[in-house]
Amino acid sequence: AEPIARALDDGADIIITGRCVDSALVLGPLIHKFGWKMNEFDKLAQGSLAGHLVECGAQCSGGNFTDWHKVPDFSNVGFPIVDVRPDGMFKVTKSVNTGGLVSFGTVAEQMLYEIGDPQCYALPDVNCDFTNVSIKEVSENEVEVSGAIGRAPSSTYKVSATYVDGYKATSMAPMIGPKAAQKGYLNSISTIKRCEKVFAKMGLGSFEEYNIECLGSGSNYGKDIESSEAREVVVWASVRHKKKAAIEAYAKEIAGASTGMAPGFFIMIGGSPRSTPILRYKPFLYSKELVDITVNDSEFKSSNTEFSLTQPQSPAEEIVSVINEGEHSYRLEELAYLRSGDKGDSANLGIICRDKSLYDALNARLTSAAVKNHLSHLGKDLVVTKYNLPGVGAFNFVLDNALGGGGVASLKSDPQGKAIGQIFSDFVVEGLKEKECYNLK
């Protein structure tokens, strides 16, 4: 953020950066406007949180919100605005006469979006601690945010590198009729087997990986295709191979399913699949001392010389005994807001209590083991880590090895984990009192 502030100090109207952390686009102008020093870490943390909240546009003002049905006029959704004070405290609002919604829920969901350890949200300018942030509704479509704590950043930058690792293709086709999921799976697996017979003659070997989902049968919920009673599905079939020629051969073989396999398949959505390179994500740390930054052709040197040699971490998960408070059971969505996102092959699942009176009860029931058990279908190597944010009554779960490689490397229909929050909203919470006892309607 500091080079952006320096460019603004020099009178820039338009700034073109290299690879830049999203939140710096807000923090840089705040440093310029208020003259914040690079060791005023609490202010930098608040400014970074402001940037984090608006970096995905309308996701802070009603987009992707759990209570989507309460958001007015998506066709004219208003983008969020942050009104920041010199001390770092800020309000989130949106343009007048627009749709969308700014509330505790929309802002809290976005705060947890795509973060890891909330006690150490590591950025180039500051390590942020969001665990005791306060989010308060002060008027209609206006929320006040305070309490982010900052610490010295590390002496390294995060580099997001990619490399080519073979090729893939994905086909989507509707399948209609009785036992639609079973027929769709049969056609897809038969096409793959047919291809591998051709590959053997071509000396190409087998597919390295394939993934078949029958969307509409509960595939993303881990449900067994054989037991599905769906009468119409979309068959998602994705394959991976080191050789482009193998993927191109697969694209040609799919057409045979329309006349030579189970009935109900009649068209390929978007036409025949195309071969695309698989780009794998490989992040690593690189010393800041080795990176030259220039502003307006002049060498830039950061004014911050204070770095943290060790990164703070949240304490290990504490297992709390479950206390039966009553005889009622609820879907988690009735008790909490949920949002999920991704970082490479990891996903995060943010869960925010609708009322803080639920915090202790949900803290005891929402363990990393419970989350892993409910989402075990995401992968055999799934690892779940839990973090607490008591300030807003929330929990953040990081799900490693959940996305089949993530991004364009994944063969899954949800390679960025955007639907995980929706899937987990059906988690059943037992042993609670009537909703009114938790200030819920």
Of the non-hydrogen atoms in [X] and [Y], which two are nearest, and what is the gap between them?
X	Y	answer
C128	S48	SG-CB, 4.0 Å
N64	R339	O-NH2, 3.4 Å
K94	G100	CE-O, 3.5 Å
K168	L411	CD-CD2, 3.8 Å
C214	A181	SG-O, 3.4 Å
I351	A336	CG2-CB, 3.7 Å

SB check [X] [Y] (cutoff 4.0 Å):
X	Y	answer
R354	D67	yes
K418	E114	yes
E208	R240	yes

Enter the distance from [X]:[atom1] to [Y]:[atom2] here, rounded to the nearest 0.5 Å.
X	Y	atom1	atom2	result
K91	S146	NZ	OG	11.5 Å
W236	S219	CH2	OG	12.0 Å
I423	L338	CD1	CG	11.5 Å
F265	I254	CZ	CD1	7.5 Å
I278	Y167	CD1	OH	10.0 Å
K288	T156	NZ	OG1	7.0 Å

Are Y250 and H241 an aromatic pair by the rule of ring centers under 6.0 Å?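 No, ring centres 6.0 Å or more apart.
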Kindly say whether [Y] contributes a backbone atom to a donor-acceptor pair with the side chain of [X] at under 3.5 angstrom?
X	Y	value
E232	A180	no
E253	R194	no
D414	A419	yes
K412	G417	no
R365	E430	yes
S61	G78	yes
K372	L382	yes
T98	V77	no
Q46	G147	yes
N388	P390	no

Heavy-atom check, side chain of [X] versus side chain of [Y], under 4.5 Å:
X	Y	result
T276	V408	no
L44	I31	yes
S413	N220	yes
V429	L362	yes
C20	I4	yes
H52	I115	yes
T66	E333	yes
V392	F104	yes

For the residue pair Y330 and H328, categorise the inter-ring angle as parallel (less than 30°), tilted (30 to 60°) or perpendicular (more than 60°).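 If you compare the ring of Y330 with that of H328, the planes turn out parallel.
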Parallel, tilted or perpendicular: which describes the rings of F130 and Y121, with under 30° parallel and over 60° perpendicular?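 If you compare the ring of F130 with that of Y121, the planes turn out tilted.
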Taking atom [atom1] of [X] as the centre, does the number of heavy atoms from other residues, nucleotides or ligands within less than 6.0 Å exceed 12?
X	atom1	result
D292	CG	no
F79	CZ	no
R331	CZ	yes
Y210	OH	no
K433	NZ	yes
L290	CG	yes

Worked check of side-chain contact (heavy atoms from CB on, under 4.5 Å) between N132 and I149: CA-CA 8 Å; N132 287 296; I149 295 173; 5.6 Å; no
Between Y281 and S160, is the side-chain contact (heavy atoms from CB on, under 4.5 Å) condition met? List the steps. CA-CA 7 Å; Y281 170 64; S160 296; 3.7 Å; yes
Testing the 3.5 Å rule here: is there a donor-acceptor pair between the side chains of [X] and [Y]?
X	Y	result
S346	D400	yes
E209	N211	no
K386	N363	yes
D83	T93	no

Just do the side-chain contact (heavy atoms from CB on, under 4.5 Å) check on L279 and V164 with the steps written out, would you? CA-CA 5 Å; L279 299 176; V164 177; 3.6 Å; yes
Could you walk me through whether V371 and F427 pass side-chain contact (heavy atoms from CB on, under 4.5 Å), step by step? CA-CA 9 Å; V371 172; F427 181 88; over 6 Å; no
Candidates N348, L112, T385, L366 - the one meeting side-chain contact (heavy atoms from CB on, under 4.5 Å) with F397: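 Per the side-chain contact (heavy atoms from CB on, under 4.5 Å) rule, the option paired with F397 is L366, out of N348, L112, T385, L366.
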Have a look at Y438 and tell me which of E325, K356, E334 forms a side chain to side chain donor-acceptor pair (under 3.5 Å) with it.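 One option only clears the test, and that one is E325.
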Could you walk me through whether D381 and N401 pass the side chain to side chain donor-acceptor pair (under 3.5 Å) test, one step at a time? CA-CA 6 Å; D381 298 321; N401 310 316; 5.8 Å; no
